[in-house]
Each structure stands twice: as structure tokens, then as C-alpha cells.
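Beneath this line is the structure, given in C-alpha cells, with notes to follow.
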Number of protein chains: 2
Amino acid sequence: MNKRELSQEELQLWYKWKGTFNNIFGRVIKEMSEHTGLSEGDYGVLDRLDLLGDGKLRQQELADSMDWDKSRLSHHLTRMEKRGLVTRKPLDADRGVLVGITDVGTSALSDARPIVAMAIRRHFLDQLTDLDIASITKLAEKTKTRSP
Amino acid sequence: MNKRELSQEELQLWYKWKGTFNNIFGRVIKEMSEHTGLSEGDYGVLDRLDLLGDGKLRQQELADSMDWDKSRLSHHLTRMEKRGLVTRKPLDADRGVLVGITDVGTSALSDARPIVAMAIRRHFLDQLTDLDIASITKLAEKTKTRSP
DNA sequence: ATAGCACGGTTGACGTGTCAACCACAATAC
DNA sequence: GTATTGTGGTTGACACGTCAACCGTGCTAT
């Protein structure tokens, strides 16, 4: 069998996997954004500010914790700042920037937490067997990003 | 246990699952786009034109087969047309549009096929055990989009 | 007839992502 | 001194996705 070609079954598996992810992930995100007006990125930012930094983090740490590059985060924070979810304050120590969560951000996050939790439970966790869980865990281990 | 909250393990599972998908999927797409200049969307369009329509399909059929809405496809075709990958021809029968693959598109597709196949094999299929395959298959069945 | 609707598509606005170029400043190299 | 490099971040351009509004045209109901 030619290694350069995929069988019908192999290709179908790839499409099924993509489709499943997009379905589940899309449902969770849609549920959150419809109920809270937050996007996935917004939630990630607010969540880390709250949990990791007790409300404030320097931009680079935030980017690292989200596995985002600095440009992506910079653009995203610009939009979030405009909506009053976060603030940016220059740190004259070393040209860094301290990102802080606002009251608006805090309250949006509180609203979002239970909704996200329930969405993940309904659309994802409730669909999984113990076998699926084992599979996901091992696959994640096997395909982790190699730290440079 | 409060159903509105997720345990650490549950949350970790969600993140692992997202991370695994993004890693594998990102690797496959990056490999294709670096070698051929095609995006995932480009490949999908060309692939379906070739396989389903022998080089031409009306826009709505194309959109349906990709599970894209008409707006998304319209925008994407505009970009692909500009690059000479496809053509659009009005069907005066019913205001439909016939999308056709060009020589440039055909040759780009031929280049991409083996690369995509090998990338899917290396980054995805080769990582799976029989157990993973069973899990993926069943989960796909369970979470399929409801048709209407 | 005409009002309403469905179909097939386009368009504009805007959020999101990526890439490469840039900027200011500090530390180090020569 | 003057390069070079590194750090921390911004910016602009452009691809991609989604949403809502719109445009012709034909079909149907009244």
C-alpha cells in the first residue's frame, strides 16, 4: 500500500475527528458568547488575570500562559481595552506593561464561569466514556508541543 | 458536588483535548501551506471541485459539501479567483454560479494531495492506537450535527 | 395585479490571527 | 565610542469567519 495515499477509512477518520472537535468546541463557545458577550480569547485573558495574577499580570506572562504570541495578545488587548474589560499600565522599570482586569471584566468573568462550566459538561464531558478519557489523555501526552 | 463547577481534572481534560487538536491540526495545515501555498479552505474547495464535480460545481452544492455558509464561500472564492485558482461563471438558468477549477488550481491540488496525505499520516494516524480510533469513531457518531 | 416569500448570491462591517517590520531602550562586544 | 543583540511591545497589512443587510428574480397566494 502506497504510503503517500490514504484509504477511505483513514480520510474519514480525519474528517470525523475534525468535525467532532468543531461541533463540540463550537457549541461551548457559542453558548458562552451568546450568554455573556465574551469570546474564547476574552475568557482566557480574564481567567488568567484572575487566577494567575489576582487581577493583574504583565503582558509577556499573560501571553506565555495562553500560548499566544505577543502580537496576537497586543491586538486582542487593544480590543478588550476599548470595551472596558481590561486596562494597560506601563511599567517604567523595563518598558513592560501591566494588564489589569476592570470591574466590568470581573463581573463578566463571574457571569461566564458557570456558563462555561455547564457548557463544557453538557457538550463535552457528558459525552465521554472512561475509554474516551483515557484516549484523550494519552494522545495529549504523545503529541505535546516540544519545548524548544 | 456542584454541577456548576468543574474539577481540576475535568478542566485539564478539556484543555488537553483542545491543545491536542490544535497541535495536530496546526501541524498538518502548516505543512501543507508551507509546501504549496494553499490554505485549508483552498484545499477543501479544490478537492471537492475535483472529486465531486469533476472540475466544476455550482456554488450552493460546493457550500453544502463543505458545510460552509454561502457568505463564507463567496468571500473565499473571491480571494481564490483573484489568485487564479478557480473561475466563476453565471448560470443564466437560475442566477446560480458555476465554480470551475483552473489549470493553476488543478496543479496546486496535485501538488498538495501527497503532502496532505503524508502530513495526516505522520501527525495524526501514526499517533493513534486502535482504541483511539474506536473512541474517535463513536464520539463522532454521538455528537454529529442534527440535520435540520 | 400585487404583495409576500424563497432562492442564489453579494457586500460591508467588524472580530480574529499571523507575519514581518518597527520602536525604544539596555546590555554587551569590539 | 559605535555596532550588535536582546527584550518588551506596537503597528500595518492581509487572510479568514460571521452576521446582517441587500439585490434580482421567479413563484405563490390573495
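Everything quoted here is computed from the prediction, not taken from an experiment. Labels below follow one simple rule: chain letters A, B, ... track the order of the sequence lines, proteins then strands, and each chain is numbered from 1.
The interatomic distance linking A:Gln60 (CD) with D:dT7 (C1') rounds to 9 Å, in whole Å. If you measure from atom OH of A:Tyr43 to atom P of C:dT16, you get 17 Å, rounded to the nearest angstrom. A:Asp42 has its CG atom 10 Å from the C1' atom of C:dT16, to the nearest Å. In this structure, B:Lys70 atom NZ and C:dG12 atom P are separated by 16 Å, rounded to whole Å. With rounding to whole Å, B:Phe25 atom CZ is found 12 Å from C:dT18 atom P. In this structure, B:Met66 atom CE and D:dG17 atom C1' are separated by 13 Å, rounded to whole Å. In this entry the distance linking CD1 of A:Ile29 with P of D:dG17 reads 16 Å, nearest Å. Here D:dC16 presents its P atom at 15 Å from CG of B:Asp69, a figure rounded to the nearest Å.
Side-chain N/O atoms of A:Ser74 include one lying less than 4.0 angstrom from OP1 or OP2 on D:dT10.
For the side chain to side chain contact (heavy atoms under 4.5 Å, CB included) test with A:Leu62, the passing option among A:Val97, A:Leu49, A:Leu98 is A:Leu49; the others fail. Tested against A:Phe21, the residues B:Phe25, B:Trp14, B:Trp17 include a single ring pair (Phe, Tyr, Trp, His ring centres under 6.0 Å) partner, B:Trp17.
A donor and an acceptor atom never sit less than 3.5 Å apart when one is taken from the side chain of B:His75 and the other from the base of C:dG9.
Ranking C:dG8, C:dG12, D:dC16 by closeness to the B:Ser71 side chain, first place goes to C:dG12. Listed nucleotides: D:dG9, D:dT10, D:dG17. Nearest to the side chain of A:Arg58: D:dG9.
In this structure, A:Asp54 places its CG atom where only 12 or fewer heavy-atom neighbours from other residues, nucleotides or ligands lie under 6.0 Å away.
In this structure the side chain of A:Arg88 reaches within 4.5 angstrom of the side chain of A:Gln59, judged on heavy atoms. Between A:Leu6 and B:Arg121 there is a side-chain heavy-atom pair separated by less than 4.5 Å. Between A:Trp68 and A:His76, some side-chain heavy-atom pair lies under the 4.5 Å cut-off.
The pair A:Arg79-A:Asp42 does not count as a salt bridge, with every side-chain nitrogen at least 4.0 angstrom from each carboxylate oxygen.
Side-chain atoms of A:Asp50 do not come within 3.5 Å of backbone N or O of A:Leu46 as any donor-acceptor pair.
A donor-acceptor contact under 3.5 angstrom links the side chains of B:Asp132 and B:Thr129, judged on distance only.
Axis angle between the ends of the helix from C:dA1-D:dT30 to C:dC30-D:dG1, five pairs each and rounded to 10 degrees, works out to 10°.
Of the residues in residues 77-109 of chain B, those placing a heavy atom less than 4.0 Å from an atom of DNA chain C are B:Arg88, B:Arg95, B:Gly96, B:Val97, in numerical order.
Among the protein residues, B:His76 comes within range of the sugar-phosphate backbone only, with heavy atoms under 4.0 Å from sugar or phosphate atoms but none that close to a base.
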